[in-house]
Each structure stands twice: as C-alpha cells, then as structure tokens.
Protein chains: 2
Amino acid sequence: MAYTIKDVAKEAGVSVATVSRILNGLPGYSVKTKEKVMQVIGEMGYQPNAIARGLINKRTKTIGVLLPAVSDLFASLVLSGIEDQAHELDYSVMICNTDQDGVRTMKYLHALREKQVDGILFISEQLKKEYYDAVIAMQLPMVLVATTSPYNVPFIKADDEKAVYDGVTYMLEQGHRAIGLLAGTKGDPIATEPRMKGYERALKSYGLLVEQKRIVYGDFGFASGVTGAEALVKQDPSLTAIFCCSDEMAAGALSYLYSQNIAVPQQVSIMGYDDTKMAEMTIPPLTTISQPLYEMGKQSVTMLLQQEEQHWIIMPHSITVRQTVSART
Amino acid sequence: MAYTIKDVAKEAGVSVATVSRILNGLPGYSVKTKEKVMQVIGEMGYQPNAIARGLINKRTKTIGVLLPAVSDLFASLVLSGIEDQAHELDYSVMICNTDQDGVRTMKYLHALREKQVDGILFISEQLKKEYYDAVIAMQLPMVLVATTSPYNVPFIKADDEKAVYDGVTYMLEQGHRAIGLLAGTKGDPIATEPRMKGYERALKSYGLLVEQKRIVYGDFGFASGVTGAEALVKQDPSLTAIFCCSDEMAAGALSYLYSQNIAVPQQVSIMGYDDTKMAEMTIPPLTTISQPLYEMGKQSVTMLLQQEEQHWIIMPHSITVRQTVSART
DNA sequence: CTGAAAGCGCTAACAC
DNA sequence: GTGTTAGCGCTTTCAG
C-alpha cells in the first residue's frame, strides 16, 4: 500500500488536518510545521489520492471527450487542442471512441457519469435526442465542438456555409464556371446541408445555375473521394474544378484524377476542406479551407470549465492556397 | 445532487447493503427484493458513484496512455486499438500527450498516480530512467507498446530489424542494387538502430557494400522525408530505390521526387514503414511494411490487465505491395 | 496555529 | 435473506 495522509501526519507529528491544509494551500500553520511536513512528504514519496479527494469535492478534474474516431485526422487535431488546454488547467481527459454508434455512445455517457467527470466534450457528431436527454439528466456541463444541435447546448464551430461560399467564390474568381461539389453524407444537417447552401449561394451570386449532375455525396473518407470524383467527372466531363467537403475526399479525388491521367490543376482544380496535416502532403499540395481545429479544441475546454462564458463561438476560417487550384483564363 | 445508494435503499425499503449486493451481482436476496430495487433504481435514474467505489476497491477501471502526439497517425492507430479493447473490458482510458517532453511526461505520471489508474501504457517512446523509476515507485503495472527498454518492462512490438531486412530484401529481389535508406532520428535505439542493422544485413546478404552516402537521417516526419530524399538523390544520383523508415517520410520523398519530375516507381522506387492510413492515399499508393498497429494496441491492454500473461510479444509484420516499387531488369 | 471528528458514497465483514 | 457498521483517504467545520 502507498502512504496515506495519516502516515504523513504521524511521521511529522501533526494531525491530518494540518497536512491537508498545507497540501491545499489553506492558511493555518507555522512556517516550521510546513517545512517539517513537506520534508516528510518528500522522504516518503507521498502522493495524495485524487479519488478520495474527489469523493468530497465532487470534482474529479477530468473531462470526457466523445469523438467518432481517434484515428481520424480531423478529430485527433481537435483532440490535441483539448488535451493541451486540459493539461494547462490541470485536468485529465478520458477519451471515448463512439464509432458513431448510438449504443456505444450511451454506454460511454453512463461510464463518464459514474466516473464523475466534470464535463463532456462532444466532437463533430450529431447530438441525438437520446444523448441530449441523458446528459441533461446527468446534469453535466457539455459543449459541442465542430458541430451544433437543435438544443440549447453551447458549441464552438466554424461557419460552414460561409466557408464553402468563400471557397467556391475563390474558384469562381480564378475563372472556373463548371464547378462540381463533392459533398459529405447526404442529409447531414451539420456538415453537409450548410455547405451545399454555401456552394449554391456562391454559384448564384455569379449568376450560375446549380446543376444536379455536378453534385455528388460522399462520407468524408478517402474512398468516397475516389468514387465521388469518378462519378462527377463521368456525369459532367466539362467540369474544370471540384470543391471537396473534406481533405480526405480531396485526396481521393486527386488519386482518381491521377489514375485517369487528368492533370491537377492544369485540367481540373481541386479544393479541400479542414486543412488537416495531410493537406500539405498531397501531390500537388492541397489548396483548402482552413479551420482552426486545434484552437477550437483549446477553447472548447475553456468554455466547458467556465460556464459563465458566452454560449457559442463561431471560429474564423480562411483559405490556404497551395497548388491544386489554377486560374482558368 | 444526484441520488445515492442510500436514497435507493430508503425508497425501496431495504438496507444499503442489499442494494449494493444486487448492484454487484453478489448472492443474498430474494427475487422479489431484487425486482423492487431494480424498479426503484430505474425510476430514480440512480447511477452508482465509481469514485466512492474506487476508494474501497482500489481499482478505478481506468488506464492511462502516454503517447508522443494524439494527432500522429501512427500513435492514434495504436490508441484506437487500445480504446476498443479497453471499452471491451469495461475500462476507460485517459490520454496523456507527452509531446516527447520529459517534464510534461513526469507531470502526467504523477497525475495518473493520483487519479489511481490501474495501469499505464507507454506508446512508441523511449522509456527514460526517470520515467521507469517513477512508475516503479508508484507500483503501477506498465506495458510498452511499439517500443522496448533496457529495463524489465513488458512490451509488445514488431521486429524492426527483421522488418527492414525483409523490406530491403524485397527491393533487392526486384533487381535494385543502389538502395538508399531514409532512417529515423539518429541514435534512436528503438526505431533507428535496429532498422539500420536490418538494412545493412540485407545488403550484405547480397554481397553489397553499405555506403554512407546512401544513408540519411530524418525524424519520421513529412518534412524530413522531403529534405532527406533530396539529400539522398544529390549524394548519389545513381540510386534506384529508397527505403523510408516511416510512411510519412515516404510521402515526403514522393513529394520531393514529384517536384523534381522523377517518376515513381519508374525512375526511383520508394518503400515506407508502418502502413498507416496514409499509405493508400499517396500517389502512387505506397508499398510499405505493415505493422499490426491496431492489434498491438488491443493486445497491450490485455497484457496490462492480466499480468500473468507472458512478458513480451513480438508481432508479425508483412509487406503490403502497392505501387511504389517496380522491378529493375 | 492546531487537532478531533464528522462525513463524501460505497463495500464488506459480521450479526441476526 | 437482510441489516448494522466500520472503514476507504481525504476535506472541513468546529473547538481550543
């Protein structure tokens, strides 16, 4: 067994209350006592038991993070911001890989509750009513990261509609007129619909028609980028540009075009979305919409832990120009 | 305040002991009592407090994972195996992004101790003596994943020397004779030295000389792949193949060669190491050494939690042939 | 400035 | 079958 506060107290010849005060920086002891106690602690290698502490404080200094997949570049970048900020504030983070599975998510929610986490961060997933109800019942603070909900839950995200509007407008400015859209999961109210609206608004602002053959749905993954680009090119060979709603799909599109000997950006321009690490690794390096994913992660923990803060934050996006979009003259 | 076991007991008209027994599947109550209690629990939405429970059992059903960076494809793949298996066994996982920083790592080790985790997983980093001593002092079980140490600590990893030997031999079999090595961090006893030995052994088995101009060090990252490939090609323009000690460096090499109009694999063949998700996304898709990263993650938690298991495991590797290595006739 | 003692929510003897 | 009770390691009144 490891030493307890009692052992320290006995060894230092004081009461546990005094040791506790010293440990917690509370007033009420002489310099001399403190020195003696600290010395004993050092010698014994005593470390307080956060579990016992948590039982009293009702605070565990740990937060739970639910995300679709830890091995996803997008989510892991957000996670890394969360982790850094949590560490900064002396919190620990428990990860829960939901796999987008409802049953699994509910299991995690219960586990987090039982383990008395101080709050929950929900990354980039749709907040189902079931989840929302559970969290409310548990009375746990929660904030959504890179997603929103129809409920009154704090969130932090970018303006997806505007981001795609800006991206497509950029392509339009480069002279492209036949622009395809490789959208996300069909019907997704968070990451697909607003982005489609942005695409449509951009085209309309240039007096262009929105044509169904120029829109294809994917699932944000690489493989769907390959098949999506293929569908797009076959449905409309006159396309000179494709806006992809994730970097991974953009990489898939790049792969497909390469396999068909279609030169990027000379024949077809490609644009991605997210600016994950892979955007600079593609060939050619990917022009994409940057979202401050890491920063969003950081701020989300601040929001979560300081409930007096504002209820939602829209983070700025920008266009990172690399080499997959060229001017069309 | 949420309900406690006392509330349930009172409401159900039984004692807390009985409720506890029912909750823990211990014998000692009638079917009727159980039904009544379960019903009350359902109505109140009672959930046990794992913190209180942990104070008694001395087990928290959570493990700590230390890794260099959560946003790293390699580590996050291992992490995802860990997470899945932990979830399977009803454990939670706390992540600690060490950033390869000694001070930060020590802080995490202390936090994990205070929070009474049941064990520690240490992914792909060098176990410094300082860390080892701390973990021993804390009397916590630990297993190393994708790394080893000079200490007597259980580990699970691949055979790096053999993996590179096999990879380079594969290139040799394809007819290549001038093969460069893009190694990892210079001096790294885990991920660089054994791999260099494998490279050398393969060459020697073909009666070839090991030439210093054909070896360059990197840091496993993309950028060092770009610069490393450049250095290699400039130092020896006769090179027809490069073995890279990580997929990311291989991607960097691919980028550099593309920028120089050097065709892969027609002019230069490239091979990676790890088989992370990005290996299938490069152009052309990367031929690489596969390590069962996800599986290693899964098994590491089993090892950690069942200390009677064997002390170390060497996982099998294989060569995943894609399109970056061609035959040289 | 310091100590005694009452819990936090739960489990595990030990009685009955 | 079921209840009483003594802690787990710690914080926090409340006395002194």
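A, B, ... follow the sequence lines: proteins, then strands. Residue 1 opens every chain.
- Side chains of A/T98 and A/E125: a donor on one and an acceptor on the other come within 3.5 Å.
- C/dT2 atom C1' lies 14 Å from atom CG of A/L26, rounded to whole Å.
- If you measure from atom CD1 of A/I22 to atom C1' of D/dT11, you get 14 Å, rounded to the nearest angstrom.
- For B/Y151 and B/Y132, the distance between ring centers is under 6.0 angstrom.
- Within 6.0 Å of the NZ atom in A/K277, the count of heavy atoms belonging to other residues, nucleotides or ligands exceeds 12.
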Using nucleotides 3-5 of chain C, report all nitrogen or oxygen pairs with the protein that are shorter than 3.5 Å.
{"from": "C/dG3", "atom 1": "OP2", "to": "A/S15", "atom 2": "N", "distance (Å)": "2.9"}
{"from": "C/dG3", "atom 1": "OP2", "to": "A/S15", "atom 2": "OG", "distance (Å)": "3.3"}
{"from": "C/dG3", "atom 1": "OP2", "to": "A/T18", "atom 2": "OG1", "distance (Å)": "2.9"}
{"from": "C/dG3", "atom 1": "N7", "to": "A/R21", "atom 2": "NH2", "distance (Å)": "3.3"}
{"from": "C/dG3", "atom 1": "O6", "to": "A/R21", "atom 2": "NH2", "distance (Å)": "2.2"}

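- Using a 4.0 Å cut-off, no side-chain N or O of A/N57 falls inside it from OP1 or OP2 of C/dC8.
- Remark: A/T33 is not in phosphate contact with C/dC1, judged by side-chain N or O atoms under 4.0 Å from OP1 or OP2.
- Rounded to an integer number of Å, the gap from B/K10 NZ to D/dT4 P is 13 Å.
- For the pair B/K61 NZ and C/dC10 P, the interatomic distance rounds to 17 Å; values are reported in whole Å.
- Here the two rings, on B/Y108 and A/H87, have centers that are under 6.0 Å apart.
- Across the protein-nucleic acid pair, B/L23 atom CG and D/dT2 atom C1' stand 16 Å apart, rounded to whole Å.
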List the steps and the verdict of side chain to side chain contact (heavy atoms under 4.5 Å, CB included) for B/D90 and B/K61. CA-CA 7 Å; B/D90 264 308; B/K61 286 251 179 190; 4.2 Å; yes

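- One interatomic measurement links the two molecules: CE of B/M44 to C1' of C/dG9, which rounds to 14 Å at whole-angstrom precision.
- By the 4.0 Å N-to-carboxylate-O rule, A/D99 lies close enough to A/R104 to be salt-bridged with it.
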Can you pull every protein N or O that's under 3.5 Å from an N or O on nucleotides 6-9 of chain D?
{"from": "D/dC8", "atom 1": "O3'", "to": "B/K58", "atom 2": "NZ", "distance (Å)": "3.0"}
{"from": "D/dG9", "atom 1": "OP1", "to": "B/K58", "atom 2": "NZ", "distance (Å)": "3.2"}
{"from": "D/dG9", "atom 1": "N2", "to": "A/A52", "atom 2": "O", "distance (Å)": "3.4"}

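- Rounded to a whole Å, the CD atom of A/E35 is 12 Å from the P atom of C/dT2.
- The aromatic rings of B/F155 and B/W312 sit parallel to each other, their planes meeting at less than 30°, with 60° as the upper class boundary.
- Looking only at atom types and distance, the side chain of B/S92 has a donor-acceptor partner in the side chain of A/K115 under 3.5 Å away.
- Across the protein-nucleic acid pair, A/R59 atom CZ and C/dC8 atom C1' stand 15 Å apart, rounded to whole Å.
- Screening B/E43, B/K36, B/E35 for a side chain to side chain donor-acceptor pair (under 3.5 Å) with B/Q39, the sole residue that qualifies is B/E43.
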